[in-house]
Amino acid sequence: MVEKIKAYFESLEGLSTEALTSSAEKLVRAEKRNVALLVAHIAEMSRRKTYLECVYKNLFDYCVTRLRLSEGSVALRIQVATVSRRFPQLLQSLAENHISLTVAGHLAPHLHEDNVEKLLSDCTGMTKRAVDEYLVALRPKPVFNPSIRKRPAPVENREQARPE
């Protein structure tokens with residue numbers, strides 16, 4: 001297998017910059033489609049509770065142990081899978097490389113029937129940070145008005161300060 005990878009690197013060295021970048025872009029599109037398809041599989045496994053038939057205690061354990069996905073990506077994939085049954089547009093945007101899996105995960109808790117199209121359209125091509133800022137702008141947090149109060153006197157001084 002190592003020899004095949006070395007040979008692949010050698011074939012990449014022979015590509016022009018244009019061919020190399022074009023090939024990389026094709027691979028990204030294929031990867032996004034595959035991630036979307038895998039998330040759809042995870043959604044169906046969750047619905048059927050397939051992981052129990054395969055003798056795993058939960059879907060997370062199945063994905064980490066059987067599918068050998070990283071723990072960090074599994075939680076995100078399960079979150080997106082849960083929402084994608086209700087809003088398949090989320091997987092479509094992911095498959096078409098309009099949004100990343102991370103962005104899909106950030107949008108998932110905010111999606112409703114009345115805003116799904118707008119959120120997905122507005123967040124096309126955005127980074128995680130840009131989506132965070134966008135979501136905050138949608139629902140700004142209340143402004144905290146700091147106040148300064150006098151500290152209470154220490155316990156020993158309170159007894160001395162009591163009038164008799």
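What you are looking at is a predicted structure, and each value in this text was computed from that prediction instead of being measured.
Other residues sharing a hydrophobic cluster with Val28 under the 4.5 Å side-chain heavy-atom criterion for ILVMFWY residues do not exist; the residue is a singleton.
Closest of all the heavy-atom pairs between Phe87 and Leu111 is CE1-O, 3.6 Å. Smallest separation of non-hydrogen atoms from Thr102 and Lys128: CG2-CD, 3.6 Å. Between Leu135 and His106, the closest heavy-atom pair is CD1-O, 3.7 Å. Residues Ile42 and Arg77 come closest through the heavy atom pair CD1-CB, 4.0 Å.
Applying the salt bridge (charged side-chain N to carboxylate O under 4.0 Å, His left out) rule to Arg66 yields no partners; only residues at least two apart in sequence or on another chain are considered. Every residue two or more places apart in sequence or in another chain was checked for a salt bridge (charged side-chain N to carboxylate O under 4.0 Å, His left out) with Glu18, and none qualifies.
Side-chain N or O atoms of Ser11 include one that pairs as donor or acceptor with a backbone N or O of Tyr8 at under 3.5 Å. Remark: the backbone N or O of Ala130 is paired with a side-chain donor or acceptor of Thr127 at under 3.5 angstrom. Without hydrogens or angle criteria, His41 side chain to Leu37 main chain gives a donor-acceptor distance under 3.5 Å. Proximity of a side-chain donor or acceptor of Asn115 to a complementary backbone N or O of His112 within less than 3.5 Å is detected. In this structure, Thr124 contributes its side chain and Leu120 its backbone to a donor-acceptor pair below 3.5 Å. Of the possible polar contacts, one joining the Asn34 side chain to the Ala30 backbone as a donor-acceptor pair under 3.5 Å is found. A distance-only check finds a donor-acceptor pair linking the side chain of Ser84 to the backbone of Ala81 [under 3.5 Å]. Remark: side-chain polar atoms of Ser73 are paired, donor with acceptor, to backbone N or O of Ser70 under 3.5 angstrom.
By the 4.5 Å heavy-atom criterion applied to side chains, Leu90 and Val39 are not counted as neighbours. You'll find the side chain of Gln89 reaches within 4.5 Å of the side chain of Glu117, heavy atoms only. Contact annotation: the side chain of Leu107 never approaches that of Val83 to less than 4.5 Å [non-hydrogen atoms, C-beta and beyond]. Between Leu119 and Tyr134 the shortest side-chain heavy-atom distance falls below 4.5 Å. For the pair Leu76/Gln79, a side-chain contact is recorded, criterion being any heavy-atom separation below 4.5 Å from C-beta on. At least one side-chain heavy atom of Ile5 sits under 4.5 Å from a side-chain heavy atom of Phe9. Contact check for Met45 versus Leu59: side-chain heavy atoms found under the 4.5 Å cut-off.
Between the side chains of Tyr51 and Asp61, no donor-acceptor pair of N or O atoms lies under 3.5 Å.
Of the charged side-chain nitrogens involved, at least one lies within less than 4.0 Å of a carboxylate oxygen, so that Glu113 and Arg86 count as a salt-bridged pair.
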task: Please step through salt bridge (Lys or Arg N to Asp or Glu O under 4.0 Å) for the pair Glu44 and Arg85, ending with a clear verdict.
output: CA-CA 8 Å; Glu44 182 60 17; Arg85 290 198 69 83; 3.2 Å; yes

